[in-house]
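All values derive from a computational prediction rather than experimental measurement.
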Amino acid sequence: MSYQKSTTVNHAGSAAPAASSNVTSTVMTAFFAAVIFLGIQSFRIPLPAAVGTPFLHFGHIFVMLAILCLGSRRSAIAGVLGLVIFDLLNGYIQSIPNVFVSTIIKCLLVGTINSLLKKLANGNAKKEYACAVICAAIYGITNIVVDFIWSAAELILLGSAPAAAITAELTSIPATMINAGFTVIGIALLYVPVTSAYKRVERR
């Protein structure tokens, strides 16, 4: 009887931290989704482009911070929720398929790369910081490539000649590059304070 009682206690004791961890995980995913939405909703500077209506915003910075804090899968959920809600509320419904697919690709790819680089850093804070900035650059490059391919294919499907579609998208790349550079700068400045705060929340 005493053995059975101690086993029950052990199981109960291990269940509580697991439940608490799940709650924290869900709350932080929802928190990042809200911050990503607000990062675009509250700050937008229009950028010139031949195709679409791009603008400078904090959204990519917060998606990248979600990747660094939450990992690839949960950041993909937070990113898709935050960005799609923004598109729905601001009349960018036509952009949702692009946003949905590209966000998942970026989060899974960059999240995986960040995980591998962190293992190589082996707990060294300076190396982890460098990894975060490198991953932000990879995120920006991936965003440029995916956006270019998607938008060019979209124009071709709508009837544009391939050469005309590619030319139009090439003229729009500078706007995407500006957002990519802005993302790298944002991560360089915010990585340490945000990840430190996230770690403190995780320990509670």
Side-chain angles (χ1 to χ4, degrees), residues 14 16-44 56-87 98-147 176 178-204:
S14 62
S20 175
S21 176
N22 288 335
V23 170
T24 301
S25 173
T26 302
V27 169
M28 293 310 298
T29 302
F31 171 78
F32 271 100
V35 169
I36 290 163
F37 165 75
L38 292 173
I40 312 178
Q41 187 69 29
S42 61
F43 175 82
R44 280 175 279 169
L56 187 68
H57 58 83
F58 285 111
H60 290 306
I61 294 173
F62 292 132
V63 172
M64 188 61 225
L65 286 169
I67 292 171
L68 296 171
C69 292
L70 304 177
S72 53
R73 287 180 293 179
R74 286 195 290 140
S75 65
I77 295 170
V80 167
L81 283 175
L83 297 173
V84 167
I85 289 171
F86 168 80
D87 286 339
N98 182 357
V99 168
F100 184 88
V101 173
S102 65
T103 301
I104 291 174
I105 290 171
K106 287 179 290 190
C107 289
L108 294 182
L109 174 64
V110 179
T112 301
I113 293 171
N114 179 61
S115 179
L116 293 172
L117 290 178
K118 280 189 75 173
K119 286 180 182 177
L120 293 174
N122 198 27
N124 184 296
K126 289 183 179 179
K127 287 182 180 179
E128 287 186 354
Y129 174 81
C131 291
V133 176
I134 290 169
C135 284
I138 294 170
Y139 177 99
I141 293 167
T142 305
N143 190 52
I144 292 169
V145 172
V146 173
D147 190 65
T176 315
I178 290 171
N179 262 315
F182 190 54
T183 301
V184 173
I185 293 169
I187 294 304
L189 295 174
L190 296 175
Y191 171 75
V192 173
V194 170
T195 54
S196 297
Y198 180 77
K199 287 174 183 175
R200 286 197 296 271
V201 171
E202 270 196 317
R203 292 193 196 104
R204 291 181 180 177

*Asks:* Mind checking whether Ile113 and Leu109 have side chains closer than 4.5 Å, heavy atoms only?
*Replies:*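 Side-chain contact under 4.5 Å: yes.
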*Asks:* Considering residues, nucleotides and ligands other than Tyr198, do more than 12 of their heavy atoms fall under 6.0 Å from its OH?
*Replies:*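 It does: Tyr198 OH has more than 12 such atoms within range.
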*Asks:* Is there a side-chain contact between Cys135 and Leu117, using heavy atoms and a 4.5 Å cut-off?
*Replies:*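 Yes; the side chains approach each other to less than 4.5 Å.
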*Asks:* Look at the side chain of Tyr129 and the backbone N and O of Ala188, then say whether any donor-acceptor pair between them is shorter than 3.5 Å.
*Replies:*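 Here the side-chain-to-backbone pair exists.
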*Asks:* Give, for atom CG of Leu120 and atom NZ of Lys127, the distance between the pair rounded to the nearest 0.5 Å.
*Replies:*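 It is 9.0 Å, given to the nearest 0.5 Å.
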*Asks:* Counting neighbours of CZ on Phe31 that are heavy atoms of other residues, nucleotides or ligands and sit closer than 6.0 Å, is the number greater than 12?
*Replies:*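 Open.
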*Asks:* Write down the atom of Ala132, the atom of Ile187, and the distance for their closest heavy-atom approach.
*Replies:*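 Closest pair (atom of Ala132, atom of Ile187, distance): O-CG2, 3.8 Å.
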*Asks:* Quick one: pull up CD1 in Ile185 and CG in Leu190 and give me the separation to the nearest 0.5 Å.
*Replies:*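 These two atoms lie 11.5 Å from each other.
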*Asks:* Can His57 and Phe86 be said to form a side-chain contact (heavy atoms from CB on, under 4.5 Å), step by step?
*Replies:* CA-CA 12 Å; His57 58 83; Phe86 168 80; over 6 Å; no
*Asks:* For the OG1 atom of Thr142 and the CG atom of Asp147, what is their distance to the nearest 0.5 Å?
*Replies:*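 Separation between the atoms: 12.0 Å.
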*Asks:* Once rounded to the nearest 0.5 Å, what's the spacing between atom SG of Cys107 and atom CG of Asn114?
*Replies:*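 Reported value, rounded in 0.5 Å steps: 11.5 Å.
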*Asks:* Is the shortest heavy-atom distance from the side chain of Tyr191 to the side chain of Val133 under 4.5 Å?
*Replies:*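 No, side chains not in contact.
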*Asks:* Which atom pair, heavy atoms only, marks the closest approach of Ala33 to Leu81?
*Replies:*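 Heavy atoms of Ala33 and Leu81 come nearest at CB-CB, 3.9 Å.
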*Asks:* What distance separates Ile67 CD1 from Phe62 CZ, expressed to the nearest 0.5 Å?
*Replies:*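 Atom-to-atom, Ile67:CD1 and Phe62:CZ are 14.0 Å apart.
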*Asks:* Answer with yes or no after comparing the ring centroid distance for Tyr139 and His60 against a 6.0 Å cut-off, counting only values under it.
*Replies:*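 When the ring centroids of Tyr139 and His60 are compared, they turn out to be within the sub-6.0 Å range.
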*Asks:* Give the minimum heavy-atom separation between Gly123 and Glu128, together with the two atoms involved.
*Replies:*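 So the minimum-distance heavy-atom pair works out to CA-OE2, 3.7 Å.
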*Asks:* Which value, rounded to the nearest 0.5 Å, describes the distance between Leu56 atom CG and Ile40 atom CD1?
*Replies:*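 Output value for this atom pair is 11.5 Å.
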*Asks:* Specify the closest pair of heavy atoms between Ala136 and Thr183, including all atoms of both residues, with the distance to one decimal.
*Replies:*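 The pair with the smallest heavy-atom distance is CB-O, 4.4 Å.
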*Asks:* Just by modelled atom types, is the Ser72 backbone N or O under 3.5 Å from a matching donor or acceptor in the Ser75 side chain?
*Replies:*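 Here the side-chain-to-backbone pair exists.
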*Asks:* Do the side chains of Val194 and Cys69 get nearer than 4.5 Å, heavy atoms only?
*Replies:*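 Side chain of Cys69 against side chain of Val194, heavy atoms only: contact under 4.5 Å found.
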*Asks:* Within a strict 4.5 Å, meaning less than it, do heavy atoms of the Lys106 and Val63 side chains meet?
*Replies:*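 Contact flag for Lys106/Val63 side chains = no.
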*Asks:* Taking Ser115 for its side chain and Gly111 for its backbone only, find out whether a donor-acceptor pair lies under 3.5 Å.
*Replies:*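 No: the side chain of Ser115 does not pair with the backbone of Gly111.
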*Asks:* To check you understand the geometry: which heavy-atom pair defines the closest contact between Ala78 and Phe32, and what is its length?
*Replies:*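 Shortest heavy-atom separation between Ala78 and Phe32 comes out as CB-CB, 4.0 Å.
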